[in-house]
Number of protein chains: 2
Amino acid sequence: MGLSTSAISKALNDDSRISEKTKKEVRQVAKKLNYQPNHLASALRSGKSRLVGVIIPRNNSNFFSSVLENIEEVLNAKGYNIIITQSNESFEKECKCIESLLFTQVDGIIASMANETTDLSYYEKIKAKEIPLVLFDRGELDLKVDYVGIDDYETSFKIIDHLVAQGCSRIAHLGGYDNTRVYGNRIRGYVDALEKRGLPVDETIISKSTLRLEDGRRIMEKLLKLPNRPDAIYAASDFAALGALQVLNEHGIKVPEDMALVGFSNEPFTSYLSPSISTVNQNSEQIGKLAAEAFLNRIENPIEEGAINKIIIETELLVRASSSKNSTE
Amino acid sequence: MGLSTSAISKALNDDSRISEKTKKEVRQVAKKLNYQPNHLASALRSGKSRLVGVIIPRNNSNFFSSVLENIEEVLNAKGYNIIITQSNESFEKECKCIESLLFTQVDGIIASMANETTDLSYYEKIKAKEIPLVLFDRGELDLKVDYVGIDDYETSFKIIDHLVAQGCSRIAHLGGYDNTRVYGNRIRGYVDALEKRGLPVDETIISKSTLRLEDGRRIMEKLLKLPNRPDAIYAASDFAALGALQVLNEHGIKVPEDMALVGFSNEPFTSYLSPSISTVNQNSEQIGKLAAEAFLNRIENPIEEGAINKIIIETELLVRASSSKNSTE
DNA sequence: TATCTTTGCTATAACGATGTAGCAAATGTA
DNA sequence: TACATTTGCTACATCGTTATAGCAAAGATA
């Protein structure tokens with residue numbers, strides 16, 4: 001029918017300056033020809049790729065899977081696709097992820113930092129590009145960007161208070177390395193909570209590790225060799241808690257009677273074990289949704305210095321068998 | 001210094017028709033200016049986005065996480081980024097994923113089909129675009145595309161033979177819906193293996209479900225009410241096996257002595273439980289890697305009709321406590 | 001010196017969509 | 001009828017990169 005390409009473009013985009021009749025015709029022909037607009041071309045033209053990069057340390061925990069699922073859901077609904085990259089907890093790989101995402105011209109990045117990362121220059125690169133950057137879980141105050149996470153410090157208080165209520169007074173901590181903010185906060189919360197509740201802080205029952213299953217096992221074995229064993233374990237990860245529980249079971253130590261146990265993150269397996277492990281629900285769905293929404297919000301309201309959003313989500317202590325001494329509870 | 005853009009492009013791409021001296025200068029200036037080529041433009045120009053779409057049913061199992069991780073690793077190394085979408089086992093959502101990936105101009109798609117999917121027209125759309133399509137785990141012979149997976153039929157034989165060797169003779173099957181090819185094959189393998197070993201096939205102890213934890217529980221409760229209980233359970237998913245184990249534990253039925261149990265997929269939690277659950281290692285790392293390599297291969301050697309690759313990966317039966325009656329084994 | 005080849009660059013068009021300007025025809029207003 | 005406005009389209013430039021053609025200068029060959 002001999003229409004110009006721009007007329008067709010306008011017709012398909014429902015521009016007011018094209019007659020209804022022409023629009024209908026164009027739409028019909030487009031459907032007949034199975035026309036699909038080339039996203040790359042419009043992305044190049046508009047400068048908007050409608051792609052969002054996501055960087056996670058590793059996709060092997062329920063926490064990150066769940067966050068991802070929710071980020072995807074929220075952003076898909078708004079016409080964005082997400083590109084997922086994994087840093088494998090490595091600073092070097094994380095830098096590559098950032099390079100690669102920026103190269104792909106993503107419209108923004110949602111990230112949880114690798115444990116190793118202390119040099120923030122790559123994250124500054126993202127800021128320099130003036131595309132939204134949202135951090136979740138593993139954040140960094142110095143970056144001054146939007147953040148979604150939980151209050152790890154306060155959650156430690158919840159855990160200590162619960163264990164104290166169960167009659168525990170010598171509570172060990174299986175902690176992460178405290179250069180990762182979340183683990184540092186859990187440790188600080190643990191220490192402060194003990195002090196506030198009038199309990200002694202004993203460095204010999206505080207450990208720092210990568211918090212994997214094997215770490216939990218190794219550290220638990222050590223704790224059992226102490227002359228004065230703890231009567232409770234607060235592990236900063238469910239995997240470490242699992243390792244500890246295995247060792248306790250193997251040694252015939254009753255949980256929670258002889259030793260109470262609390263983990264962190266609400267990995268599904270914690271509820272499958274016997275005894276089931278008490279843990280902390282971080283509301284990962286909420287974290288994912290809110291991180292995605294924080295991004296969308298920034299797209300609409302580009303950064304004004306100082307107007308950083310820091311969203312703290314309430315955690316929930318899930319008291320299960322491993323820390324329930326009173327069956328009435 | 002007044003070079004043309006094309007000269008600069010050539011210099012950065014190491015074209016032979018640019019002098020070394022100029023190349024060096026250009027590279028220096030590029031570094032100084034922090035120049036980053038616009039991927040969208042070169043993608044538009046070349047028709048290659050260097051993006052690969054991945055569709056998985058759901059990111060909540062170790063199997064898919066592990067496949068994803070390996071796809072990403074292989075493709076990243078070749079300069080591709082992956083866009084991950086989840087169908088949530090819904091046909092409708094899967095169609096949206098495909099639409100969205102094609103719209104984004106991915107260079108290929110690697111997918112595992114949703115349970116619901118029987119209408120293949122959307123997958124035909126991918127083929128029509130003449131971009132590589134690789135299926136893994138959940139495939140469809142009719143599509144005539146590259147496929148990477150395991151031999152579910154033969155794996156059922158391995159499981160039945162193992163259980164028979166343990167002295168079991170009445171083996172129940174917790175199966176998936178057989179419109180999903182993998183579950184259908186597991187059921188057929190189960191039935192044929194029983195017949196080949198001279199055991200009766202009893203429909204009352206064969207169930208079909210979505211194989212979630214609750215399904216395992218529900219079906220196990222039913223099985224326990226039968227006048228002649230089975231002496232072994234072959235569950236087509238670890239989650240169903242877990243549900244069954246919980247019910248068995250609750251009823252004080254000894255596993256494996258009174259009832260042996262085998263799951264499928266090697267979810268990490270199977271090794272955490274007591275008794276640990278025997279299961280099947282599908283070599284998900286291999287599946288991921290080979291699926292990615294099948295894609296790369298297709299990029300280099302575009303489809304010639306009839307030259308379809310079907311890669312079948314060996315499975316490994318992990319015999320654990322839940323099916324080890326002889327402690328000598 | 002005249003001609004051919006090679007080297008190293010510039011100029012141009014194109015990938016496909018779309019915002020802006022422009023222009024003719026239709027319609028409205030005086 | 002003369003002029004202004006609106007309608008509905010076309011023409012064109014542009015996003016950033018790169019393949020192709022072309023062209024001048026340098027070098028090689030006779």
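When reading the values below, keep in mind they use all heavy atoms of this one structure, side chains included, and skip hydrogens, waters and symmetry mates. Protein chains get the first letters and strands the later ones, always in sequence-line order, with residue 1 at the start of each.
Checked by distance alone, B:Arg45 brings no side-chain donor or acceptor within 3.5 Å of a matching partner on the base of D:dT17. Between the side chain of A:Ser6 and the base of D:dA11, a donor-acceptor pair under 3.5 Å is found.
For D:dC9, the OP1/OP2 oxygens have a side-chain nitrogen or oxygen of A:Thr22 closer than 4.0 Å. In this model, the phosphate group of C:dG16 is not approached by any side-chain N or O of A:Tyr35 to a distance below 4.0 Å at OP1 or OP2. Not one side-chain nitrogen or oxygen of B:Thr5 sits closer than 4.0 Å to the OP1 or OP2 atom of D:dT17. The phosphate of C:dC9 has OP1 or OP2 within less than 4.0 Å of a side-chain N or O from B:Ser19.
A salt bridge does not link A:Lys289 to A:Glu73: none of the charged nitrogens lies less than 4.0 Å from a carboxylate oxygen. Under a 4.0 Å N-O distance rule, the pair A:Arg181/A:Glu140 qualifies as a salt bridge.
At distances below 3.5 Å, not a single donor-acceptor pair connects side-chain atoms of A:Gln105 with backbone N or O atoms of A:Gly47. Judged by distance alone, the side chain of A:Asn301 and the main-chain N or O of A:Asn297 form a donor-acceptor pair under 3.5 Å.
Note on A:Ser9: a base of the nucleic acid sits closer than 4.0 angstrom, heavy atoms only. Counting any heavy atom pair closer than 4.0 Å across all strands shown, A:Ser4 reaches a base atom.
Atom pair A:Gln36:CD and C:dG16:C1' shows a separation of 14 Å (rounding to whole Å applied). For B:His39 and D:dT18, the NE2 to P distance is 11 Å, given to the nearest whole Å. Taking atom CG of residue A:Asn13 and atom P of nucleotide C:dA17, one finds them 10 Å apart after rounding to whole Å. Rounding to whole angstrom units, CG of residue B:Leu12 and P of D:dA19 are separated by 13 Å. Between B:Ile8 atom CD1 and D:dT17 atom P the separation is 10 Å, expressed in whole Å. In this structure, B:Asp15 places its CG atom 16 Å from P of D:dT17, rounding to the nearest Å. Straight-line distance from the CD atom of B:Glu20 to the C1' atom of C:dC9: 15 Å, rounded to whole Å. Counting to the nearest Å, the P atom of D:dT17 and the CD atom of B:Gln105 are 19 Å from each other.
Toward the 5' end of DNA chain D, the nearer of the two residues A:Ile18 and A:Leu44, judged by each one's closest nucleotide, is A:Ile18. Judged by closest nucleotide on DNA chain D, B:Asn38 is the one of B:Lys10 and B:Asn38 placed further toward the 5' end.
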Working note: A:Arg298 + A:Asp146, criterion salt bridge (Lys or Arg N to Asp or Glu O under 4.0 Å); need CA distance, chi angles, decisive distance, verdict. CA-CA 9 Å; A:Arg298 275 291 166 228; A:Asp146 291 341; 2.8 Å; yes
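Of the candidates C:dA17, C:dG22, D:dG22, D:dG22 carries the atom nearest the B:Arg17 side chain, counting heavy atoms from C-beta on.
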